[in-house]
Amino acid sequence: MVGAPEECDCPNCAGAQPTPEQIGDLLPQSVDIDAMQDPMEVEIAASMLLAIGAALGDDFDRALQDLFVPTFEAQATPAARAMLAGIASVADGEVRRAGAEAARRLADAGVDAPPWLAELDAPVTVEECIRFADPAGETFLLAGRFQRAGRCHVVAVTLDDCDCGAAGQILLIDADRWGEAREALLSDLHAGGVDVTEEKLRPADFRRAVEDALNARADHDRSDPEALDELVDEDGPGYRVLALLLRSRIRTLPVARRRRGHYLQDGELDVASISALLDLLASGRRGGAVPAQRRPTNLPAKRKKSDGPAPIYQIKVSLRGARPPIWRRIEVPADVTLARLHELIQVAFGWNDSHLHVFETPYGSFGRPDADLGHRAASRVTLEQVARAVGDKLRYTYDFGDNWEHDILVEKALDRDASVTYPRCVGGRRAAPPEDCGGVWGYAELVEILADPTHPEHQDRLDWLDLDGPTGFDPARFDAKAVTAALQRPR
């Protein structure tokens, strides 16, 4: 048994809050107004602050709103106004609004600011989105040329398709130097025998591809504490700082809408689908249900009539990565087939069954039979064959593009109650995301946009969901009785 962790007595863990003086000390180190010539410099300073805070825990956003922003505003200096404007430009959600409002109040109060700071209020537009890939479709680099108030810059991100399509390095390049950097990249790849093609992407497709790469890297970094130290390197801002800046850029781009029923685009797998599919195939190597080398080889036999009726399994199905949590607690006969369980999960979460799916179990992968993917038929195996006892877990993934991953836990094995009709839902939390909204990250952004009538994409998202107003979708809504009725509806 692992011993209890030692208690940490640092101010953060002990509940102590930083003093205004400590917060104020961040400004001289972060913002040197006299030395700055470009608003992107203050964005990088703000990204540095946000990156440091993200490493401290989930409560940092609240600390930004309740402590840092008010302290900066109280200083009423040009440096404080610049830092608040930088936070508003780089952050999102409530932090973004708090920074913007505080910066606006300082401006109204007559606090000076350099002329270039006004450029942060100008819209960011994308002039070109490029993907560099080999003939087999392996993506090496994604690059976007952005423009704001007449200043242009290129943000490029390298990808590692052998590592789930995760982002490797982020490059911030002056537009004037992009041509030279591009030629050097192509020359190096060609010299290594790689035949690279250059393809222009739609802004929406570029956004989806970049988000998938950043999200894959974030998933990996969470399991690798050493990766969280990348704030500064010898060349300047490190990966984590530039990742925040890049996310602020792609938030200005339209959101990709996938066609329903498959994940093909123009006859080929799109970049996001390739990344998500590779992530799925690699999940066993990164610690899926059971590593391949330890998987039992023999699937237990199905229940026979002579064994009597199967017990009722109470299972909890949780959407991985959802914050706040989204889950359903369902009671089903233990001998339900995985194909039928797939149908029940689709109903319980409001999915439309318009994409591929797979169950990852200790005995292999089950879904639509596919020899290339190693998926066996889900219709030929039952839940109790792959989850033999209370405490056993499975992984269920739906839509290899958006990559909705669900953890399935067998919580209880119950005797059948003759007065109860199964299956039924006995608990849960929050509404499930709409189909094709971009995975858990895209859904979080959707919720934020729907809650902000001033957001430039607010009406577009309402139209996409066929809603007359934001009250038409309540992310906190959950009704166990309604889910039960849907589960028991004849099909």
Side-chain angles (χ1 to χ4, degrees), residues 46-47 50-51 54 58 60-62 64-65 87-100 123-126 129 142 144 146 155 157 167 202-219 222 240 243-258 270-272 275-276 319-326 349-350 399 401-405 430-467 469-477:
S47 296
L50 296 175
D58 295 336
F60 187 70
D61 278 2
R62 177 55 57 188
L64 274 170
Q65 296 176 61
I87 290 173
S89 180
V90 175
D92 60 357
E94 291 299 324
V95 175
R96 174 185 176 184
R97 281 189 283 273
V124 175
T125 59
V126 64
C129 301
L142 296 162
F146 296 91
V155 186
V157 55
R202 295 183 308 156
D205 295 332
F206 177 78
R207 173 175 178 166
R208 173 63 66 86
V210 171
E211 284 179 337
D212 284 347
L214 295 178
N215 294 347
R217 172 68 176 268
D219 286 341
R222 273 193 288 270
R240 292 175 59 211
L244 286 168
L245 182 68
L246 178 54
R247 285 190 186 276
S248 74
R249 294 296 184 263
I250 62 175
R251 277 199 299 269
T252 66
L253 305 181
V255 177
R257 308 292 187 221
R258 275 203 182 87
D270 65 16
V271 176
S275 174
L319 186 60
R320 284 176 62 85
R323 297 292 183 272
I326 299 172
F349 281 82
D399 183 354
D402 280 0
N403 206 36
W404 301 109
E405 292 185 332
R430 301 183 69 84
E435 291 265 7
D436 301 321
C437 67
V440 291
W441 291 83
Y443 177 57
E445 183 180 48
L446 174 65
V447 171
E448 175 190 325
I449 293 173
L450 290 178
D452 181 7
T454 66
H455 194 283
E457 296 183 25
H458 182 76
Q459 189 58 48
D460 288 342
R461 300 300 181 93
L462 290 176
D463 294 341
W464 179 60
L465 292 170
D466 294 327
L467 298 177
T471 58
F473 178 74
D474 179 6
R477 183 184 66 249

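Position 1 is the first residue of the sequence; numbering continues from there. Just so it is clear, the model here is predicted, and its values are computed rather than measured.
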(request) Find the distance between CZ (F146) and OG1 (T125) and round it off to the nearest 0.5 Å. (result) 9.5 Å

(message) Tell me the closest heavy-atom pair linking D402 and C437, and the distance in Å.
(response) OD2-N, 3.2 Å

(message) With a 4.5 Å cut-off on side-chain heavy atoms, are V210 and V155 touching?
(response) no

(message) Could you walk me through whether I87 and R96 satisfy the side-chain contact (heavy atoms from CB on, under 4.5 Å) test, starting with their C-alpha distance in whole Å, then the side-chain angles of each, then the deciding distance to 0.1 Å, before giving a yes or no?
(response) CA-CA 6 Å; I87 290 173; R96 174 185 176 184; over 6 Å; no

(request) For the pair D205 and R208, find out whether any cationic side-chain nitrogen is under 4.0 Å from an anionic carboxylate oxygen. (result) no

(request) First locate atom CG of L245, then atom CZ of R240, and finally report the distance between them rounded to the nearest 0.5 Å. (result) 15.0 Å

(request) To the nearest 0.5 Å, tell me how far L450 CG sits from H455 NE2. (result) 10.0 Å

(request) Please name the pair of heavy atoms, one in S89 and one in S248, separated by the smallest distance, quoted to 0.1 Å. (result) O-CB, 3.8 Å

(request) Determine the minimum heavy-atom distance between H458 and I449, stating which atoms define it. (result) ND1-O, 2.9 Å

(message) Can you confirm whether R247 is buried at CZ, in the sense that more than 12 heavy atoms of other residues, nucleotides or ligands lie under 6.0 Å from that atom?
(response) yes

(message) Which heavy atom of L244 sits nearest to which heavy atom of V90, and what is that distance?
(response) O-CG1, 4.0 Å

(request) Could you check if a side-chain atom of R207 sits within less than 4.5 angstrom of a side-chain atom of P254, using non-hydrogen atoms only? (result) no

(message) I need the minimum non-hydrogen distance between P203 and C129, along with the two atoms involved.
(response) CA-SG, 4.0 Å

(request) Run the numbers on V440 and E405 for side-chain contact (heavy atoms from CB on, under 4.5 Å), then give the verdict. (result) CA-CA 9 Å; V440 291; E405 292 185 332; over 6 Å; no

(request) List for me each residue that meets side-chain contact (heavy atoms from CB on, under 4.5 Å) alongside A444, sequence neighbours excluded, and say none if there are none. (result) none

(request) Check for a donor-acceptor pair, side chain of R251 on one end and backbone N or O of A91 on the other, with a separation under 3.5 Å. (result) yes

(message) Within the structure provided, determine whether P433 and I326 are in side-chain contact (heavy-atom separation under 4.5 Å).
(response) yes

(request) Walk me through it: do R97 and D452 pass the test side-chain contact (heavy atoms from CB on, under 4.5 Å)? (result) CA-CA 10 Å; R97 281 189 283 273; D452 181 7; 3.2 Å; yes

(message) Minimum heavy-atom separation for F473 and P434, please, with both atom names.
(response) CZ-CD, 4.3 Å

(request) Mind checking the CD-CZ spacing from E211 to F206? Nearest 0.5 Å is all I need. (result) 10.5 Å

(message) Show, in sequence, the C-alpha distance, side-chain angles and deciding distance for V126 and L253, and conclude whether the side-chain contact (heavy atoms from CB on, under 4.5 Å) test is met.
(response) CA-CA 8 Å; V126 64; L253 305 181; 3.4 Å; yes

(message) To the nearest 0.5 Å, what is the distance between CG on L446 and CG on L465?
(response) 5.5 Å

(message) Looking at W404, I'd like to know if the NZ or CZ of R320 sits under 6.0 Å from its six-membered ring centre while staying within 45 degrees of the ring's axis.
(response) no

